[in-house]
S.K.: 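Can you keep this structure in mind? I'll have questions shortly.
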Amino acid sequence: MIQLVFATNNAHKLEEVQAVVGDKFDIRTLADIGCVDDIPETGDTFEANASQKSTYLYTRYGCDCFADDSGLEVAALGNEPGVYSARYSGTRDMERNIDLLLQRLGDRPGRDARFRTVISLRIGNEEHFFEGTVAGKIGYGRQGSGGFGYDPLFTPTGHQKTFAEMTSAEKNAISHRAIAVAKLADFLKANY
Ligand code: ITT
């Protein structure tokens, strides 16, 4: 069985990835390898942050691993909040982050946005990137109470409901993270 460390302590993300990659891969978390470090994440792109995290683990712990970074890009705001999605308002308080986004967008009609995830895989001294995006529009207010983060604002193209109004199965069938993880899984299955 091939062991890979996922640079997360988010059990939900781990479950999602393990289900997609299958039994041939044993995915461990940071806690499993005893890593309690505050891994630096100081890049200004998703690629840079994902790479910084996987390279940190690979270098310090000598393990094959992968890391992800994701966020929301709003076209009319020059692709903000982007890598600052989790702390857009200067805090991790999502109510404040959402309020700030709605305030900056105002009532302008151009509300195109996309969620992006980038995964960096460090395996056998190589690095590979996998990306997932989902396009959609930002609403004029919150709708729905499921999901997390900016989900109540985001209606994916071709759908009538926000991510927060969907079941997790509905969201996971089309989400940026699911797309990136599926690409990672295909690569691992084809090459290892
Ligand atoms: P880690 O500890 O795994 O880094 P995180 O909360 O920083 O957790 P991400 O890097 O995946 O998670 O995402 C950064 C932020 O982008 C996240 O806090 C949300 O505000 C937003 N975001 C990412 N994916 C999202 C999704 O599927 N739905 C809504 N918001 C999302």
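Counting convention: from 1, in listed order, for ligands and their atoms alike. Below, each value reflects all heavy atoms present in this structure, side chains not excepted, and no hydrogens, waters or symmetry copies.
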S.K.: State the atoms of ligand 1, each with its element, that fall below the 4.0 Å cut-off from a heavy-atom position in Arg177.
M.R.: 11 (O), 23 (C), 24 (N), 25 (C), 27 (O)
S.K.: Using a strict 4.0 Å cut-off to heavy atoms of Asp69, name the atoms of ligand 1 that fall inside it.
M.R.: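 Contacts of ligand 1 toward Asp69, numbered from 1: 10 (O).
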S.K.: For Phe163, which part has a heavy atom under 4.0 Å from ligand 1: side chain, backbone, both, or neither?
M.R.: neither
S.K.: Please enumerate all residues that pass salt bridge (Lys or Arg N to Asp or Glu O under 4.0 Å) together with Arg28, with sequence neighbours excluded.
M.R.: Asp26
S.K.: Which residue from Arg92, His176, Lys171, Arg87 reaches closest to atom 7 (O) of ligand 1 through any of its heavy atoms?
M.R.: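 The option holding the nearest heavy atom is Arg92.
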S.K.: May I ask which of Gly71, Ser70, Ser85 has a heavy atom nearer to atom 14 (C) of ligand 1 than the others do?
M.R.: Ser70
S.K.: Hey, looking at atom 18 (O) of ligand 1, which of Gly82, Ala86, Gly149 has the closest heavy atom?
M.R.: Ala86
S.K.: Considering only the protein, which heavy-atom contact is closest to atom 4 (O) of ligand 1, and what is its distance?
M.R.: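 Answer, as residue, atom name and distance: Lys53 NZ, 3.8 Å.
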S.K.: Going through the checks in order, is the side chain to side chain contact (heavy atoms under 4.5 Å, CB included) test met by Asn191 and His128?
M.R.: CA-CA 12 Å; Asn191 291 284; His128 300 273; over 6 Å; no
S.K.: Is it the case that Arg116 places NZ or CZ above or below the six-membered ring of Phe46, under 6.0 angstrom from the centre and within 45 degrees of the axis?
M.R.: no
S.K.: Does ligand 1 have any atom sitting under 4.0 Å from a heavy atom of Leu72?
M.R.: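 Heavy atoms of Leu72 never come under 4.0 Å of ligand 1.
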S.K.: Under a 4.0 angstrom heavy-atom cut-off, which atoms of ligand 1 come close to Met94?
M.R.: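 So the atoms of ligand 1 that pass are 20 (O).
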S.K.: State whether any protein heavy atom lies less than 4.0 Å from atom 27 (O) of ligand 1.
M.R.: yes
S.K.: With a 4.0 Å heavy-atom cut-off (strictly under), which part of Asp151 contacts ligand 1: side chain, backbone, both or neither?
M.R.: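 For Asp151, backbone and side-chain atoms both sit under 4.0 Å from ligand 1.
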S.K.: Under the 4.5 Å side-chain heavy-atom rule for ILVMFWY, direct or indirect, which residues accompany Phe130?
M.R.: Ile2, Leu4, Phe6, Leu14, Val17, Val20, Val21, Phe25, Ile27, Phe66, Ile119, Leu121, Ile123, Val181, Leu184, Phe187, Leu188, Tyr192
S.K.: For atom 20 (O) of ligand 1, what is the closest protein heavy atom, and at what distance to 0.1 Å?
M.R.: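 Nearest protein contact, heavy atoms only, for atom 20 (O) of ligand 1 is Tyr150 CE1, 3.4 Å.
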